[in-house]
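Numbering starts at 1 and runs along the sequence shown. Atom set for the values below is all heavy atoms of this structure, side chains included, hydrogens, waters and symmetry mates excluded.
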Amino acid sequence: MTIRHLKIFVSVYQHMSITQAADELHIAQPSVSLAIKELENNYHLKLFDRISRRISPTDAGHRFYSYAIHIVSLFDQMESDAISW
């Protein structure tokens, strides 16, 4: 999986909304849904429960978030620091 997948996951998790994550990231909602589905398929995990038009993280989703936010934060810091190297 890519850092893009993780950034999308983090945004969805933080907003608890695929639509709001898509708006924040300036990408189409189907692209966000596809990225989440690709993560779930790749890791054989269900990251969110989908009930009607709402989502909520599963236990695996909560654990996955703790890793994803750390990885995304490190990546963002690396990119920021690399400018001054």
Side-chain angles (χ1 to χ4, degrees):
M1 291 291 91
T2 66
I3 195 71
R4 178 180 176 274
H5 285 88
L6 294 179
K7 286 183 175 189
I8 291 170
F9 171 79
V10 166
S11 184
V12 170
Y13 185 96
Q14 290 175 342
H15 290 288
M16 288 301 147
S17 168
I18 288 174
T19 302
Q20 288 179 16
D23 289 344
E24 176 187 71
L25 298 169
H26 307 290
I27 58 178
Q29 181 272 330
S31 297
V32 173
S33 295
L34 179 62
I36 297 299
K37 191 66 166 170
E38 288 172 345
L39 280 171
E40 290 178 328
N41 289 341
N42 188 68
Y43 293 109
H44 306 287
L45 295 171
K46 185 175 182 185
L47 299 171
F48 293 100
D49 284 320
R50 294 150 180 89
I51 302 166
S52 296
R53 297 186 57 99
R54 306 191 96 172
I55 62 168
S56 62
T58 61
D59 287 340
H62 287 297
R63 288 191 297 259
F64 195 85
Y65 176 76
S66 67
Y67 286 98
I69 191 68
H70 185 68
I71 292 165
V72 167
S73 294
L74 284 172
F75 184 83
D76 289 346
Q77 185 64 50
M78 179 196 68
E79 283 197 320
S80 179
D81 290 349
I83 293 169
S84 63
W85 294 341

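Looking at residues two or more places apart in sequence or on another chain, you find no salt bridge (Lys or Arg N to Asp or Glu O under 4.0 Å) involving Asp23. Taking Arg50 as the reference, Glu40 meet the side chain to side chain donor-acceptor pair (under 3.5 Å) condition, with sequence neighbours excluded. Taking Phe64 as the reference, Phe9, Tyr43 meet the ring-ring contact (aromatic ring centres under 6.0 Å, His included) condition, with sequence neighbours excluded. Partners of Gln29 under the side chain to side chain donor-acceptor pair (under 3.5 Å) rule, at least two apart in sequence or in another chain, are Ser33. Not a single salt bridge (Lys or Arg N to Asp or Glu O under 4.0 Å) links Lys37 to another residue, sequence neighbours left out.
The shortest non-hydrogen separation linking Tyr13 to Gly61 is CE1-O, 3.9 Å. Closest approach of His15 and Glu24 over heavy atoms only: NE2-OE2, 3.1 Å. Annotation for Leu45 and Ala60: closest pair CD2-CB, 4.0 Å, computed over non-hydrogen atoms. Minimum heavy-atom separation, His5 to Ala35: CD2-O, 3.6 Å. Scanning all heavy atoms of the two residues, the minimum distance from Ser11 to Leu25 falls at CB-CD1, 3.9 Å. Across all their heavy atoms, Met16 and Ser56 have their closest contact at SD-CA, 4.4 Å.
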Checklist entry - Between Glu79 and Ile3, is a side-chain contact (heavy atoms from CB on, under 4.5 Å) present by the stated rule, with each step listed? => result CA-CA 12 Å; Glu79 283 197 320; Ile3 195 71; over 6 Å; no
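Atom CE of Met78 and atom CH2 of Trp85 lie 6.5 Å apart (nearest 0.5 Å). Atom CD of Glu38 is separated from atom OG1 of Thr2 by 8.0 Å, given to the nearest 0.5 angstrom. Taken to the nearest 0.5 Å, the CD1 atom of Ile71 stands 12.0 Å off from the CG atom of Asp76. Note that CD1 of Ile55 is 10.0 Å distant from CG of Asp49, once rounded to the nearest 0.5 Å.
Side-chain contact of Asp81 with Gln77: a donor-acceptor pair under 3.5 Å is present, judged by distance alone.
Sorted by first then second residue, the side-chain hydrogen bond (donor to acceptor under 3.5 Å, both in side chains) pairs that include residues 65-75, not counting sequence neighbours, are Gln14-Tyr65.
Between Leu6 and Met1 there is no side-chain heavy-atom pair separated by less than 4.5 Å.
If you chain together hydrophobic residues whose side chains sit under 4.5 Å apart, Ile8 and Leu34 never meet in one group.
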